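Because the structure is a prediction, the values reported are computed rather than measured.
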Amino acid sequence: MTTTKLRRVKLATHAPDFYKAMIALDAVSATGLDPKLAHLVRIRASQLNGCAYCLDMHTLDAVYEGDSAQRVNLVATWREAGKFFSEQERAALALTEAITLISIDHVPDDVYELAAGAFDEKDLAQLIGLIITINAWTRIGVTGRMEPGHYDPSR
């Protein structure tokens, strides 16, 4: 992978309507879902997509809002650290991986069935929307080379 020092366009500045629409989408993306679960989903997608800005933001948010640093630190190895995550959280993380890495295996039936068994249809639809939204945000962060270290969850 080649990195560059070239200036990157800021979507918030040069595509403000799009950026505002993303903010509005984000505001409703986790409606009705457990906030801790939503943070785990955002963290895992950010890890998989290599978005340091999003990973910094969502790990800080998770701990600030009451999740343990231990759980947050174990998200990348959630399968091996399964006892730290509920059945529903494990199903959500598996679905997050499948949707985030959709070009590899699409969304396998067994992963989808696991999530469908852990969530009712409304919450499953909301979860899918959340996963799609965080994947859009990570692509904005990576493409724009947004730098971590400036986010404060208390603001």
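- A donor-acceptor pair under 3.5 Å links the side-chain atoms of Arg8 to the main chain of Thr143, judged by distance alone.
- No side-chain donor-acceptor contact under 3.5 Å links Asn49 to the backbone of Cys51.
- The environment of CD in Glu65 is crowded: more than 12 heavy-atom neighbours from other residues, nucleotides or ligands sit within 6.0 Å.
- Taking all atoms of both residues into account, the shortest heavy-atom contact from Gly66 to Lys36 is O-NZ, 3.6 Å.
- The shortest non-hydrogen separation linking Ser46 to Cys54 is OG-CB, 3.2 Å.
- Remark: Gln126 CD to Leu37 CG distance equals 11.5 Å, nearest 0.5 Å.
- What you find for Met22 and Ala136 is that their closest heavy atoms are CE-CB, 3.6 Å.
- Clustering ILVMFWY residues whenever any of their side-chain heavy atoms sit less than 4.5 angstrom apart, transitively, puts Ile23 in the very cluster that holds Leu11.
- Distance alone, capped at 3.5 Å, places no donor-acceptor pair between the Thr77 side chain and the Glu80 backbone.
- A pairwise comparison of heavy atoms in Arg155 and His150 identifies NH2-O, 3.7 Å as the closest pair.
- Ion pairing of Arg71 with Glu89 is present here, as a side-chain N (NZ or NE/NH1/NH2) and a carboxylate O approach within less than 4.0 Å.
- A side-chain donor-acceptor contact under 3.5 Å links Asn135 and Thr100.
- Residues Ala115 and Leu95 share a closest heavy-atom pair of CB-CD2, 3.9 Å.
- From Lys83, atom NZ reaches atom CZ of Arg90 across 12.5 Å, with rounding to the nearest 0.5 Å.
- Transitive grouping of hydrophobic side chains (ILVMFWY, heavy atoms separated by less than 4.5 Å) brings Ile102 and Val41 into a common cluster.
- The line from CG of Leu101 to CG of Leu48 is 5.0 Å long, rounded to the nearest 0.5 Å.
- The hydrophobic clustering, which links ILVMFWY residues whose side-chain heavy atoms are closer than 4.5 Å, places Tyr53 and Tyr19 together.
- Remark: the backbone N or O of Asp123 is paired with a side-chain donor or acceptor of Asp120 at under 3.5 angstrom.
- Every residue two or more places apart in sequence or in another chain was checked for a ring-ring contact (aromatic ring centres under 6.0 Å, His included) with Tyr64, and none qualifies.
- Counting heavy atoms from C-beta on, the side chains of Pro16 and Lys10 never come closer than 4.5 Å.
- In this structure, CG in Asp61 is found 9.5 Å from CG in Asp56, a value given to the nearest 0.5 Å.
- Once rounded to the nearest 0.5 Å, the distance linking NZ of Lys122 with CG of Leu33 reads 8.5 Å.
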Side chain to side chain contact (heavy atoms under 4.5 Å, CB included) assessment of Tyr112 paired with Leu124:
CA-CA 10 Å; Tyr112 189 88; Leu124 180 58; 3.6 Å; yes
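- Remark: Glu97 CD to Ile131 CD1 distance equals 10.0 Å, nearest 0.5 Å.
- By the criterion of side-chain heavy atoms lying less than 4.5 angstrom apart, applied directly or through intervening Ile, Leu, Val, Met, Phe, Trp or Tyr residues, Val28 is not grouped with Ile140; the two fall into different hydrophobic clusters.
- Under a 4.5 Å side-chain heavy-atom criterion applied to ILVMFWY residues, the cluster that includes Val9 comprises that residue alone.
- Hydrophobic cluster membership is shared by Leu60 and Trp137, with clusters built from Ile, Leu, Val, Met, Phe, Trp and Tyr side chains linked at under 4.5 angstrom.
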Could you go through the side chain to side chain contact (heavy atoms under 4.5 Å, CB included) check for Met57 and Asp152 one step at a time?
CA-CA 8 Å; Met57 174 189 292; Asp152 180 354; over 6 Å; no
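- Of all the heavy atoms in Ala30 and Leu130, the pair that sits closest is CB-CD1, 4.2 Å.
- By the 4.5 Å side-chain criterion applied to Ile, Leu, Val, Met, Phe, Trp and Tyr, Leu74 is assigned to a cluster that also includes Leu40, Ile43, Leu55, Val63, Val72, Val75, Trp78, Phe84, Phe85, Leu93.
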